[in-house]
Amino acid sequence: MKTYDIEVQRLKSLRHDKGLIELGIDALVLPRPARDEGAGGSCLSLPVDQARALLLLLKQQFAELDKLQPRSRRSGRC
C-alpha cells in the first residue's frame with residue numbers, strides 16, 4: 001500500500017451527492033517513507049483554522065442530509 005503525507009492548503013468547496021461528501025481542496029501530496037512502526041496509512045494535516053472551517057462545513061452538510069430523511073429516521077435510533 002502506498003502512503004502519503006497530505007497537507008491541506010485551502011478548502012475550496014464541500015458538497016454532498018448520492019451518499020458521498022466531496023471536498024474541493026488545494027493540497028500538497030507527498031509520498032510518505034515506509035516505516036517499521038506498524039502505524040502505516042497516510043497522514044492528513046491541516047491548520048487549525050482550516051480544521052475549524054471544515055468542521056462547520058461538515059455540520060452544515062449533515063444538517064442538510066438529515067432534512068432529507070423521513071421524520072421517523074431522524075431520531076438517530078436507526
Sorted by chain and number, sequence neighbours left out, side chain to side chain donor-acceptor pair (under 3.5 Å) with Gln61 holds for His16
Correct closest heavy-atom pair for Ala27 and Ile6 would be CB-CG2, 4.1 Å
Those residues at least two apart in sequence (or on a different chain) that pass side chain to side chain contact (heavy atoms under 4.5 Å, CB included) with Leu54 are Leu11, Leu23, Leu46, Leu58
*Is there a path of hydrophobic side-chain contacts, each under 4.5 Å between heavy atoms of I, L, V, M, F, W or Y residues, that connects Val8 with Val29?*
yes
Residue pairs passing the salt bridge (Lys or Arg N to Asp or Glu O under 4.0 Å) test with at least one member in residues 42-55, sequence neighbours excluded, are none
dist Cys43:SG -> Leu30:CG (nearest 0.5 Å) comes out at 11.5 Å
The reported gap from NZ in Lys59 to CG in Leu55 (rounded to nearest 0.5 angstrom) is 4.5 Å
For Lys12, the side chain to side chain contact (heavy atoms under 4.5 Å, CB included) test, sequence neighbours excluded, returns Arg10, Asp26
Contacts of Gln9 meeting side chain to side chain donor-acceptor pair (under 3.5 Å) (sequence neighbours excluded), chain-then-number -> Glu7
So if you build clusters from Ile, Leu, Val, Met, Phe, Trp, Tyr with side-chain heavy-atom gaps below 4.5 Å, do Leu57 and Leu65 land together? yes
Grouping ILVMFWY residues whenever side-chain heavy atoms fall under 4.5 Å, the cluster of Val48 otherwise contains none
Taking the side chain from Ser42 and the backbone from Tyr4, do they hold a donor-acceptor pair closer than 3.5 Å? yes
